[in-house]
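See structure below.
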Amino acid sequence: MKTSLVAALAGNPNSGKTTAFNAFTGAHQHVGNYPGITVERKEGPVTLADGETLHLIDLPGVYSLSAYTQEETVARQVLASERPDVVIDILNAGALERNLYLAIQLLELGIPLVLGLNMMDEARDHGVIIDMARLSERLGVPVRPAVARTGYGLPELLRAAVDEARKREGQPWKPLNISYGPDLDPVLTSIQRRVEEARLLADVYPPRWVALKFLEQDREIIAQAREQAPQLCAEFEAQVKEVAAHLHATLNTSPEGVIADYRYGAISSILRDGVLVRQEDRHARRALSDRMDKVLTHGLLGPLIMLLILYLIYQVTFTLGEWPMELVTAFFGFLRDLAENSMSDGVLKSMVISGIIDGVGGVMSFVPLIMIMFLLIAILEDSGYMARMAYMLDRIFRVFGLHGASVMPFIVGGGIAGGCAVPGVLAARTLRSPREKLATLLTVPFMACGAKLPVFILFAGVFFPAHQAMVIFGLTLTGWIVAMLCARLLRSTVIRGPATPFVMELPPYRFPTLQGLCIHTLERTWEYFKKAWTVILAVSIVFWAAMTYPRLPDATLADFAARQTAVEALYSAPEQAAALAEAKADLAHEQATLALRHTIAGRVGLALEPLTQAAGFDWRTDIALIGGFAAKEVIVATMGTAYSLGEIDAEGENPQLAERIRDDHRWNPATALALLVFVLLYAPCLVTLVAIRHETGSWRWPLFSLIFNTLVAYTMAVIVRHAAAFLL
Ligand code: GDP
Ligand code: MG
């Protein structure tokens, strides 16, 4: 045990710090200057009631721990180099929000901290009522009331500081992690990791804090870091420059602006969570935001409005998307005709038509729909409403052993249909508790990601044309429900453990800029587009080959040729032309089906059929579902190929996949629903598995989710199929 503890008094200017300092130290104070600058340094000993002594330093008054002023730089340096055992932050209780801005930064630094809510007399006169126990619970630090001018509460504040210092003695600082939203979090985490690896300024500041300073473009810290690792710092600065340009283009703001917004968001959500009974005046944007939140996050109205907004997103997407989607489909139909008529029969023609045009075309036709959905999601994100959704869902989440911060990964992963599990998995990094993080990682892939949408749209369009939006909305909801139930299951079995309290951020509402929306929408659509032409094209061709080879033996082919000649001879009269065409089509169909069954893919599909029949999937569907392990987009593409290989158009028609499925007697609403549920829930795609492996550090969890999710999907599909067959 150290004999004399060192405590530092921090706080905004005019919060009553000096008054408190004088009351603590009395006449025993030493006043000087910090070396080389005019900032005053005051310090002195304090004797506690039990005789213990404490060395107290009065830091310069600051609003923030950035390096905009000399005072801020000094305050920060004292904390970093003298490492006091505890910081006593003196706050003006009447302006809690502004004063907590500094407290939040001290928490982010992780230094032992107690809060003294000063000027309680004035605050009370203005009718401000603060629930201090709740504030203390939300921030995880002791909070005490005080009136420095009369000395009320000061001994208790000092006592709390000493206790906190003793409690945390010898332990490293415990920094609080705040999420800075989807734009900054990935950069922040990436820099943080590398700071950690390089042990950059490791003796002085926590790694995340250093990373944050890079994003805040803090000249002083960056200069210090440069001395240690110039190369690394240059890379960080390039990364920051890129995200800064992106933020400027999309939201017309800077990283510093976003950081400040999220800090105020964190404070505001703490204050509204039962801490502040009456609020003080605040600047206009915040005030307007709060008025909007009174309605939009209202206990009863909020969730209703949220459901309505989500439902509208689906309605608008499908109403607006119908026409452009037909246009794209028609275009690929035209390409198909072109290839059909201009290429000579053979392997190349089959590959171009079945592998490329049907495969990639199937995926491309969903681009308009997906683009509209991305645009609507961008509006939710950019306006700040997405954060409110997270806030409202938080309470429900805790029931299921997840975290309020799990909401973001879920939403990003497809909680609003159209996301992607890969960034969803990455977004789970903001979760501090390893158990809740793992539960989130493992359940994000249940969400309705954008790659599953084409399957949903296709089958909903064929079997439930009047309720397309409803079906997709229902599937999205199913994704949530299954994710929550599985999270609950996992949290009470393989990942048991207590929950962690957390801070939810509410940035102020913003009016999305047109430019920002365009950039966000186009970026994501482009990702989808690129995937269609690279991964999906490659997988399409591989699957086309697997569905083409080995070919039927020559003897069988000769047999079919002979049967064709026989048929032609049988219906040789001109008036029998119609009958001839029909007989030839039947024959061609028989041959094509036999050929597909003979291929590698056909054999695998057939081998699986007995198993998947319980859910109503035939061997051709199995082929497509196997393709989906690589990437979910491939499902529709592979189905397109499987069905076009299996059905050669004898009458010169080019039925689209939708028509083929409609005409296939094996498909009905019940099997369609079973397939939709299976596709929604089964094994995460390859890229997601790699991401899970990266986040958990071992192949154990991706392997687990591969098996677990597929089992869940299979069980659900079988149940849905039989229940639907019974009900429909
Ligand atoms: P500093 O800038 O943080 O050092 O603040 P000071 O200690 O100089 O205080 C600023 C003003 O607030 C002074 O006029 C103090 O008398 C007054 N003050 C300090 N504490 C209290 C308090 O608890 N209640 C009230 N009503 N005034 C206070
Ligand atoms: Mg002062």
Side-chain angles (χ1 to χ4, degrees), residues 6-34 37-46 54-66 68-79 82 84 86-107 111 113-132 135-136 141-161 267 275-281:
V6 177
L9 268 183
N12 290 7
N14 286 317
S15 61
K17 242 161 17 69
T18 305
T19 312
F21 182 79
N22 291 341
F24 284 138
T25 57
H28 310 282
Q29 46 177 275
H30 172 81
V31 184
N33 271 349
Y34 284 96
I37 46 175
T38 54
V39 178
E40 193 179 60
R41 178 179 172 115
K42 285 209 246 173
E43 53 197 312
V46 187
L54 187 79
H55 187 77
L56 195 63
I57 306 170
D58 188 20
L59 295 177
V62 293
Y63 293 105
S64 169
L65 287 183
S66 37
Y68 294 127
T69 62
Q70 237 174 18
E71 281 80 6
E72 288 177 350
T73 317
V74 169
R76 202 160 79 182
Q77 266 166 7
V78 173
L79 296 180
E82 300 183 29
V86 62
V87 173
I88 304 172
D89 185 5
I90 303 287
L91 292 87
N92 176 354
L96 202 50
E97 184 184 43
R98 180 160 43 79
N99 280 250
L100 278 173
Y101 193 73
L102 176 67
I104 282 283
Q105 293 180 67
L106 289 165
L107 285 167
I111 192 163
L113 180 71
V114 297
L115 302 187
L117 298 192
N118 193 31
M119 309 205 178
M120 285 304 280
D121 52 340
E122 259 182 37
R124 205 167 305 126
D125 289 348
H126 291 126
V128 175
I129 301 166
I130 298 160
D131 183 341
M132 267 168 288
L135 180 61
S136 165
V141 294
V143 178
R144 297 286 181 274
V147 181
R149 210 147 62 171
T150 65
Y152 162 82
L154 291 182
E156 292 81 2
L157 179 60
L158 211 54
R159 187 70 250 166
I267 293 167
V275 168
L276 201 54
V277 181
R278 217 199 86 162
Q279 312 213 3
E280 72 273 32
D281 289 331

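Residue numbers run from 1 in the order of the sequence given. Order of appearance sets the numbers: ligands from 1, and atoms from 1 within every ligand. All heavy atoms count here, side chains included; hydrogens, waters and symmetry mates do not.
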Got an N/O contact under 3.5 Å between [X] and ligand 1?
X      : answer
Ala148 : yes
Met119 : yes
Ala146 : no

**Message:** Within ligand 1, which atoms have a heavy atom of Val147 less than 4.0 Å away?
**Reply:**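 Those atoms are 22 (C), 23 (O), 24 (N).
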**Request:** Below 4.0 angstrom from a heavy atom of Lys17, which ligand 1 atoms are there? Numbered from 1 as shown, please.
**Result:**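 The atoms of ligand 1 under 4.0 Å from a heavy atom of Lys17 are 1 (P), 3 (O), 4 (O), 5 (O), 7 (O).
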**Item:** Any Pro13 heavy atom less than 4.0 Å to ligand 1
**Value:**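 Within the 4.0 Å threshold, so yes.
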**Prompt:** Judged by non-hydrogen atoms, does Asn12 sit under 4.0 Å from ligand 1?
**Reply:**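 It does, in that a heavy atom of Asn12 comes within the 4.0 Å cut-off of ligand 1.
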Under 3.5 Å donor-acceptor, [X] side chain and [Y] backbone:
X      : Y      : value
Ser136 : Val141 : yes
Asn99  : Asn92  : yes
Asn118 : Ile90  : no

**Prompt:** Looking only at heavy atoms, which two atoms of Ala146 and Leu154 are closest? And how far apart?
**Reply:**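 Residues Ala146 and Leu154, closest heavy atoms: CB-CD2, 4.2 Å.
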**Message:** Which heavy atom of Ile57 sits nearest to which heavy atom of Phe21, and what is that distance?
**Reply:**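 Looking at all heavy atoms of both residues, the shortest contact is C-CE1, 4.4 Å.
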**Request:** Please assess Leu276 against Ile130 for the test side-chain contact (heavy atoms from CB on, under 4.5 Å), listing each intermediate value before the final yes or no.
**Result:** CA-CA 5 Å; Leu276 201 54; Ile130 298 160; 3.7 Å; yes
**Item:** Basic-acidic side-chain contact under 4.0 Å: Lys17, Glu71
**Value:**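 Not counted as a salt bridge, because no side-chain N and carboxylate O are separated by less than 4.0 Å.
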**Prompt:** CG of Asn12 to CG of Asp89: how many Å apart, nearest 0.5 Å?
**Reply:**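 Reported value, rounded in 0.5 Å steps: 7.5 Å.
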**Prompt:** Counting heavy atoms only, which of Thr19, Leu59, Leu9 is nearest atom 7 (O) of ligand 1?
**Reply:**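 Comparing heavy atoms across Thr19, Leu59, Leu9, the nearest one to atom 7 (O) of ligand 1 lies in Thr19.
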Under 4.0 Å, heavy-atom basis, I'd like to know which part of [X] is in contact with ligand 1: side chain, backbone, both or neither.
X      : value
Arg149 : both
Ser15  : both
Thr18  : both

